[in-house]
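Both ligands and their constituent atoms are indexed starting at 1 by order of listing.
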Amino acid sequence: MRADFLPFSKPSITEEDIQAVGDVLRSGWITTGPKCAQLEADFKQYTGCADAVSMTSETSVMHALFRALNIGPGDEIITPSMTWVSLPNTALLFGAKVVFVDVDKDTLMVNAKEIESRITPRTKMIVPVHFAGAALELGALRALAEKHHVLLVEDAAHALGSEWNGEKIGAKGTSMFSFHPIKNITTGEGGMFATDNPELGNRVRSLKFHGLGVDAYDRQTHGRAPQAQVVEPGYKFNLPDMQAVLGIRQLARVDAMNEKRRQLALRYHEKLAAVEELIPLKEPAYKFKHSWHLFVVRVDSDKAGISRDEFMAELKKRNIGTGLHFRCTHLQKYYREALGHRAGSLPNTEWNSDRIVSLPLFPDMTERDQDDVVGAIQEVFRK
Ligand SMILES: Cc1ncc(COP(=O)(O)O)c(C=O)c1O
């Protein structure tokens with residue numbers, strides 16, 4: 001058994017990263033400033049998006065966006081239940097109705113046909129998720145959004161570096177990214193709003209900083225122009241430079257880090273091919289590039305003789321960490337008790353919610369670490 005605990009994810013932080021953060025701390029300017037401006041510029045260059053607004057998390061991005069779109073009671077937002085709770089929670093906090101849509105049983109992504117069946121005259125926005133780093137089929141989703149005059153906003157938390165049909169995720173339309181520590185790049189906590197709609201970009205930029213007419217940082221005064229006025233009430237969601245500098249360094253090597261993830265993912269596929277108790281996800285049939293944010297499998301409890309939770313506990317006993325992405329949203333306490341959601345409404349989501357588990361995958365993970373994971377899995381199922 002492994003002597004030390006292997007987490008399911010770990011940020012890749014170099015000595016130079018630490019040095020760069022230290023340099024910002026020593027510089028005298030640690031909040032939003034030149035590093036944020038550079039991170040946004042680099043992000044635009046990397047993804048090809050027209051406008052990028054950095055924030056303290058993707059959840060902050062969602063709040064600013066909902067406000068910018070004046071979403072409120074009477075509006076409906078369509079999103080999968082197989083996602084992190086940020087988007088559904090934000091919709092509820094704004095008084096909107098969350099309309100959950102089922103996912104494909106084997107890719108865990110929504111498709112345009114399923115979404116269309118949930119569209120009503122009250123639908124304001126659809127927010128599908130590029131799941132685990134695979135890419136959504138954007139062609140059909142864009143056509144659907146256009147046909148019904150609703151806004152398509154991609155939840156790209158898992159998809160930095162992913163591509164659909166040769167197009168980088170974020171390059172077109174409107175999308176939201178997360179820089180949480182388990183994501184493909186991190187700023188500790190952080191997020192980015194990417195859009196090709198300049199009006200929306202500017203509104204969100206103002207809302208992220210008290211609704212002032214300018215950003216937190218003015219390049220001429222090296223601070224906020226004291227004359228700036230509130231044009232509408234806004235939030236305090238600006239990313240500090242001491243975090244942004246980490247993002248700049250991480251973004252510069254995201255392709256290399258994603259390549260390491262890819263190699264490990266392929267190796268998992270090989271090494272686990274004979275493990276009948278685990279059902280891998282399927283990759284979509286269309287042209288896309290995976291960023292391998294997560295390596296998700298499903299525990300076949302009938303074959304394994306144990307549940308997913310027991311499987312996770314057995315691996316933990318062997319010093320192997322795992323993740324759960326995600327426990328479906330619609331059956332969580334509040335959603336059941338206050339909103340009346342019931343089991344049986346989203347069969348593929350619920351089936352997966354009971355069986356999915358994320359195995360360790362991060363750029364600095366070694367093949368030896370991976371062999372420990374595979375060995376522990378084999379041992380658990382032998383037992
Ligand atoms: C699919 C998805 N959406 C949104 C988020 C929220 O990101 P953040 O933690 O930066 O607010 C996450 C993060 O876990 C996520 O996985």
[X]: numbered ligand 1 atoms lying under 4.0 Å from its heavy atoms:
X: T83; result: 1 (C)
X: G190; result: 10 (O)
X: S57; result: 10 (O), 11 (O)
X: S86; result: 5 (C), 6 (C)

*Could you verify whether a donor N or O on one side chain and an acceptor N or O on the other, from R267 and Q370, lie under 3.5 Å apart?*
yes

*Examine the side chains of S353 and T349 and answer whether a donor and an acceptor come within less than 3.5 Å of each other.*
no

*Considering only non-hydrogen protein atoms, determine which one is nearest to atom 9 (O) of ligand 1 and report residue, atom name and distance to 0.1 Å.*
S178 OG, 3.9 Å

*Which residue and non-hydrogen atom of the protein lie closest to atom 14 (O) of ligand 1, and at what distance in Å?*
K183 NZ, 2.8 Å

Region of [X] engaging ligand 1 - heavy atom pairs below 4.0 Å:
X: M62; answer: side chain
X: H158; answer: side chain
X: D155; answer: side chain

Answer yes when [X] and [Y] have at least one side-chain N-carboxylate O distance shorter than 4.0 Å, and no when they do not.
X: K208; Y: E40; answer: yes
X: K287; Y: E163; answer: no
X: D196; Y: K172; answer: no
X: R298; Y: D300; answer: no
X: K113; Y: E116; answer: no

*Ignoring angles and geometry beyond distance, decide whether T59 reaches within less than 3.5 Å of ligand 1 through its nitrogen or oxygen atoms.*
yes

_Nitrogen or oxygen of W84 less than 3.5 angstrom from that of ligand 1_ = no

*Does some non-hydrogen atom of G191 fall short of 4.0 Å from ligand 1?*
no

*Is the closest heavy atom of F326 to ligand 1 under 4.0 Å?*
yes

*asked:* Checking the side chain of H180 only, and the main-chain atoms of I182 only, is there a donor and an acceptor separated by less than 3.5 Å?
replied: yes

*Mind checking what makes salt bridge (Lys or Arg N to Asp or Glu O under 4.0 Å) contact with E337, not counting sequence neighbours?*
K333

